[in-house]
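Note sheet for the following structure.
These numbers were taken from a predicted model, which means no experiment stands behind them. Naming: A, B, ... by sequence-line order, numbering from 1 per chain.
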Number of protein chains: 2
Amino acid sequence: MSSIEEKCKIKGVRLTDQRKLIAKIMSEAKDHPDVDELHRRVSAIDKKVSIATVYRTVKLFEEASIIDKHDFKGGKARYEKSPDEHHDHLIDVNSGEIIEFTNEEIEKLQKQVARKLGYKLVDHKLELYGTKIKD
Amino acid sequence: MSSIEEKCKIKGVRLTDQRKLIAKIMSEAKDHPDVDELHRRVSAIDKKVSIATVYRTVKLFEEASIIDKHDFKGGKARYEKSPDEHHDHLIDVNSGEIIEFTNEEIEKLQKQVARKLGYKLVDHKLELYGTKIKD
DNA sequence: ATAATTGCAAATGCTTTGCTTGTGA
DNA sequence: TCACAAGCAAAGCATTTGCAATTAT
């Protein structure tokens, strides 16, 4: 059983064949697929799953905090399974490749900035866009 | 003449009545209007300006680095005139209000993170989402 | 003069939804 | 059993675009 499927059980999300399949594929994904790509991977195993179901399922998983949605530049939403520890993203503007990173210092400073402005931080988005340095 | 209109002159952007009007409204805006809101403000002065022209113009201004586009949560793009000094945004998740802030420390750390990963930072996005702390 | 710009409406691309049929607990 | 989910096609929403008419330089 995939890790996402387990989370569904815990959260009382009803499991259908389609959802199990999407859960499995998202659990195993090492990248950040958009809905089209996800549907492509799903279809490779079960052609009958409609893209509407993929849309409904990623939304469901996202609302249950089982997967995370990202709106990187490019128009289409991309997803990844919710990580155990938070991380941010650096996007290679040439290749589209996404590198994950964490930086405690920045996290801390964000909270400080928010507090100083009179706010409690409930969410944040940090995306770095860069070009590879040739060595 | 509005500050955006001046930049257009400098960059050789052809100035039409519509563009002058949009330039003026964006120059004076103290918030981050979306295209609909911008069109509403433009229409209050000249009803004949179409929303297609507003779309074309914000795109043109953005590509000329005269205004900045933001994709905050909510689906529609929002714009502000390019500031002299860079800043980031904190969005009040309850009211939608946007507070601008700068933090040199965070900026520096971002560059460091990118470099450490083998990248040159060409752009970045930092958005904080928070709730007001009652005092 | 003439290449660029506008307005309009139609087209686009991603995402959501109504409805009927199918199905998990 | 039966409330919920899936499939399909149609609808929605923000944004873009083709084309004929208009305009800035």
Measuring from the side chain of B/V35 (C-beta onward, heavy atoms only), which nucleotide among C/dG24, D/dT15, D/dA24 has the closest atom? D/dT15
For B/S3 and B/K81: C-alpha separation, side-chain torsions, deciding distance, then whether side-chain contact (heavy atoms from CB on, under 4.5 Å) applies. CA-CA 9 Å; B/S3 64; B/K81 82 166 167 275; 4.0 Å; yes
Rounded to the nearest angstrom, tell me the gap between atom CG in A/L60 and atom P in D/dC4. 13 Å
Whole-Å distance, B/D17 CG to C/dT5 P, equals 14 Å
Figure out the CD/P separation between B/E62 and D/dA14, and round it to whole Å. 18 Å
Evaluate the criterion side-chain contact (heavy atoms from CB on, under 4.5 Å) for residue pair B/D88 and B/L128; output intermediate values, then yes/no. CA-CA 8 Å; B/D88 293 302; B/L128 305 183; over 6 Å; no
Nucleotide C/dA25, atom P - distance to CZ of A/R14 in whole Å: 7 Å
Sidechain N-carboxylate O distance under 4.0 Å for A/E28, A/K24: yes
Whole-Å distance, B/D71 CG to D/dC13 P, equals 19 Å
Please report, rounded to the nearest Å, how far the P atom of C/dA25 is from the CG atom of A/L15. 6 Å
Hey, any chance B/V113 and A/I98 share a hydrophobic cluster, counting ILVMFWY side chains that come within less than 4.5 Å of each other, even indirectly? no
Please list residues of residues 38-58 of chain B whose heavy atoms come under 4.0 Å from any atom in DNA chain D, ordered by number; otherwise none. B/A52, B/Y55, B/R56
d(OH, A/Y79; C1', C/dC14) in whole Å: 10 Å
OP1 or OP2 of D/dG7 sitting under 4.0 Å from any side-chain N/O of A/Q18? yes
So which of A/K76, A/R41, A/R78 actually passes salt bridge (charged side-chain N to carboxylate O under 4.0 Å, His left out) with A/D36? A/K76
Does the distance from a Lys or Arg side-chain N to an Asp or Glu carboxylate O, for A/E37 and A/R40, drop under 4.0 Å? yes
Can you tell which of D/dA5, C/dC14, C/dT5 lies closest to the side chain of A/K76? C/dC14
Nearest to the side chain of B/R19, which nucleotide is it out of D/dA6, C/dT5, C/dT15? C/dT5
Phosphate OP1/OP2 of C/dA4: any B/T16 side-chain N/O under 4.0 Å: no
Please give, in whole Å, the distance from D/dT15 P to B/K59 NZ? 11 Å
Using a distance-only test with no angle check, is there a side-chain donor-acceptor pair under 3.5 angstrom linking A/E127 and A/H70? no
